Trainee: 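Handing you a structure now.
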There are 2 protein chains.
Amino acid sequence: MALVVQKYGGSSVADAAGIKRVAQRIVATKKAGNDVVVVVSAMGDTTDELLDLAQQVSPLPPGRELDMLLTSGERISMALLAMAIASVGYEARSFTGSQAGVITDSTHGKARIIDVTPGRIQEAIGEGQIAIVAGFQGVSQNTKDITTLGRGGSDTTAVALAAALDADVCEIYTDVDGVFTADPRIVPAARKIPRISYDEMMELAACGAKILHLRCVEYARRFNLPIHVRSSFSTKEGTWVVSDPDSEGNEMEQPIISGVAHDRSEAKITVVGVPDKVGEAATIFKTLADAEINIDMIVQNVSAAATGRTDISFTLPATDGSAALTALKKVQERIGFESLQFDDQIGKVSLVGAGMRSHPGVTATFFAALADAGVNIEMISTSEIRISVIVGLDEVDAAVTAAHRAFDLDADQVEAVVYGGTGR
Amino acid sequence: MALVVQKYGGSSVADAAGIKRVAQRIVATKKAGNDVVVVVSAMGDTTDELLDLAQQVSPLPPGRELDMLLTSGERISMALLAMAIASVGYEARSFTGSQAGVITDSTHGKARIIDVTPGRIQEAIGEGQIAIVAGFQGVSQNTKDITTLGRGGSDTTAVALAAALDADVCEIYTDVDGVFTADPRIVPAARKIPRISYDEMMELAACGAKILHLRCVEYARRFNLPIHVRSSFSTKEGTWVVSDPDSEGNEMEQPIISGVAHDRSEAKITVVGVPDKVGEAATIFKTLADAEINIDMIVQNVSAAATGRTDISFTLPATDGSAALTALKKVQERIGFESLQFDDQIGKVSLVGAGMRSHPGVTATFFAALADAGVNIEMISTSEIRISVIVGLDEVDAAVTAAHRAFDLDADQVEAVVYGGTGR
């Protein structure tokens, strides 16, 4: 008998029919002899509808109240799910984040989990019940206020709860069959990845693969908890995210590259004509940090000897663009740079693969493939198991397709079935 | 500086515009120098919509999960109300029933308040904040599960909280101007009652006046807490419910009758041909009590000497009719009665007034007025300050109108403005 934690996103429980379907799947897992704990997101568009209501009464709602409002969404879906399970003859009990012991800090809207004390969940399991837990929410340790975990919050709830309960696996149900070697909407020949390491999955998540949030994979890695990403619309095996994906396979056949990720949400700012003195770059990035803007890639051009000035380019989330420009303009005089350029017509394409460590030719193959496809590289950054390039926004698809083919990732047959976006 | 507890029903916060309007009123009370605690119901039809969702997933949802589901309604309205208040520059914090310290028993769907420990509310008030509390809900003392208080629950929350906080007044906002001498939809000349005693208000509530729930008035009487029933659509004084309504008025001019209530929700069952032996009636009512059916009025005919049999009639909520008939049929053989008659074409009309105690002619005047109006009386019951009669359903309006006129309750001018039903 195993302890299985399952997480269902909003698209899986979008209506009464979806809730009943999910209930059947949960009951099937229970019938198979497992203890089952379920984490559920709000139904379909509930969160957006609640946000819309909030906008109608307040242009800038306080975070505490916004969290109080939004957390009602999971309360609805989890109670309905417990009812649906009860109606087919199995005992289920729903628990809010607070009742499930999800303790967080007090940062409303993007709280971090500090501790999980799942006493009531263990009690329910002990009595043979199926526990249904609200995803995305917790209770603050200091203020006892209700908090939300931000993007990817329900996945993080599931992994954190699975870790605290010492579960055998955390199953993340979504509307695609697993993690793919590239977005099948761009590369129809993309293949489902059967097993992948935490490190690679984290790089993919950080580089725009939306199927799992970075934070949830970090959490799983810390507790060495296997994640099984799979579709709630089929019974196929999905993708296992584990510490050592090669342990059950033949290491010789592991691909050098696990997948190609892309991200269209970034923008590039170039600070033109920065005096080439010690500390100027530091002032620029200190200014941005003070404005709570996260920087991704940075490139500093070689200084032109004649002028003693240089250009510094960096990328950031496009949504932070205007805040960054405002902050930088305030220090323009002090730093003495000439001007600012803003470009949101860019995209990031990343190759991720643990095999890179032992295959020095990867960069050359990647760049040659992009050149053959006529894609111009604007910026480059690398880690031990990743190479990312910034290209023009309209060249993202071509770059992804070229890289995917260059590393022999294309499947012989197209198998991907895509149903649309994922829940939170 | 006073401490004011205000309660707003679902019709007052039905949409964003309503929530903003209510926020303005709350802020006005705060600006006038009062501490304010607000109890709020779910928005408009939210509860019905949630019930409909529950029906879609389960024909008989477990009470615990139904309560978990329904309580999300107040969570939404209270968070939005707190946001609306914040957006006009005042600090507000919302609290669930559990956070507000509303401790109940474990009877899901109709829990009773055992204790109120409003520490967090007092803290918020102490910091100059407006506290917004979810009506209708609490947390069970034993199981720590979320409970709902049933019909009139938000009013009861408001009164219980006001009592625990030692508030100066509990204002119940609704969509009519106060408590009227009769339903203005039947009697356009009905007058608003400026002041009324707890006892009279309880009798009116028990006899069908829907403006306040019996339980909430009982609670207020126990703690001698003044209730001010008024409209959220105007600033007019409403009706004060107090222990001694005459203390500020001229007792000589107090009317004998405070108001005329009516109730169309009852039905009558007649058990025909009951053997006139000791204990038979007891068996009948024990059977009904075991089926958790509440009986209102009872009449036993004089036994016919020839047959040694009698008829017993009683009234009950029409919705309990079929359950009562089923329960009685099961004991028909044992008791030996002949048949059962069911009649839901009845109505109850009640006169309520503390002046009755010292005016013995009230019954005679009432019955004469009904006779003049051609209304036939089927059953009668009385208390110290109330006379109720059962009449035909289609004679209710005529009976109410006749009684209202007979006791000089008609206003010279019609002043009532009625906006429709009240919230929970």
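Everything numeric in this text was worked out from a predicted model, so none of it was measured. Letters A, B, ... are given to chains in the order of the sequence lines, protein chains preceding strands, and every chain is numbered from 1. Values below: all heavy atoms of this structure, side chains included; hydrogens, waters and symmetry mates excluded.
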Trainee: Just verifying a value: how many Å separate I19(B) CD1 and S58(A) OG, rounded to the nearest 0.5 Å?
Mentor: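 So the gap between those two atoms works out to 11.5 Å.
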
Trainee: Side chain, backbone, both or neither: which part of R75(B) has a heavy atom under 4.5 Å from chain A?
Mentor: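 For R75(B), heavy atoms of backbone and side chain both lie under 4.5 Å from chain A.
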
Trainee: Which bit of L66(B) is near chain A, if near means a heavy-atom gap under 4.5 Å: side chain, backbone, both or neither?
Mentor: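 Both parts, heavy atoms under 4.5 Å.
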
Trainee: Please indicate whether E292(A) has more than 12 foreign heavy atoms, meaning atoms of other residues, nucleotides or ligands, lying under 6.0 Å from its CD.
Mentor: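 At most 12 heavy atoms, drawn from other residues, nucleotides or ligands, come within 6.0 Å of this atom.
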
Trainee: Applying side chain to side chain contact (heavy atoms under 4.5 Å, CB included), can you list everything that pairs with D35(A), at least two apart in sequence or on another chain?
Mentor: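 Expected list: M1(A), L3(A), K30(A), I125(A).
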
Trainee: Can you name the nearest heavy-atom pair linking E65(A) to A92(B), along with the distance?
Mentor: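 So the minimum-distance heavy-atom pair works out to OE2-O, 3.7 Å.
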
Trainee: What residue in S94(B), A84(B), S77(B) has the most heavy-atom pairs under 4.5 Å with chain A?
Mentor: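 It is S94(B).
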
Trainee: Do other residues, nucleotides or ligands put more than 12 heavy atoms under 6.0 Å from the CG atom of L60(B)?
Mentor: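 No.
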
Trainee: Can you tell which part of A86(B) gets under 4.5 Å to a heavy atom of chain A, answering side chain, backbone, both or neither?
Mentor: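 Just the side chain, heavy atoms under 4.5 Å.
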
Trainee: Can you see which heavy atom on F95(A) is nearest to which on R64(B), and at what distance?
Mentor: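 What the structure gives for the nearest pair is CE2-NH2, 3.8 Å.
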
Trainee: Quick one: what part of L81(A) sits under 4.5 Å from any heavy atom of chain B, side chain, backbone, both or neither?
Mentor: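 It is neither, since no heavy atom gets under 4.5 Å.
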
Trainee: Return the minimal non-hydrogen interatomic distance between M83(A) and V57(B), and the atom names on each side.
Mentor: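 For M83(A) versus V57(B), the nearest heavy atoms are CB-CG2, 3.9 Å.
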
Trainee: Tell me which of these, S87(A), A23(A), P59(A), has more heavy-atom pairs under 4.5 Å with chain B than the rest.
Mentor: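 Result: the option with the highest number of such pairs is S87(A).
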
Trainee: Please identify, among A17(A), S72(A), A54(A), the residue contributing the most non-hydrogen atom pairs under 4.5 Å to chain B.
Mentor: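 Winner by heavy-atom pair count: S72(A).
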
Trainee: To the nearest 0.5 Å, what is the distance between CG on L69(A) and CE on M78(B)?
Mentor: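 So the gap between those two atoms works out to 9.5 Å.
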
Trainee: Would a distance-only check, ignoring hydrogens and angles, find a side-chain to backbone donor-acceptor pair under 3.5 Å from R120(B) to K144(A)?
Mentor: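 Here the side-chain-to-backbone pair exists.
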
Trainee: Is it the backbone or the side chain of D145(B) that comes under 4.5 Å from a heavy atom of chain A, or both, or neither?
Mentor: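 Contact with chain A: backbone and side chain both.
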
Trainee: Search all heavy atoms of I76(A) against all heavy atoms of L50(B) and return the closest pair with its distance.
Mentor: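 Heavy atoms of I76(A) and L50(B) come nearest at CD1-CD2, 3.8 Å.
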
Trainee: Counting only non-hydrogen atoms closer than 4.5 Å, can you tell me which residues of residues 96-112 of chain B sit against chain A?
Mentor: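 The list, in residue order, reads T96(B), Q99(B).
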
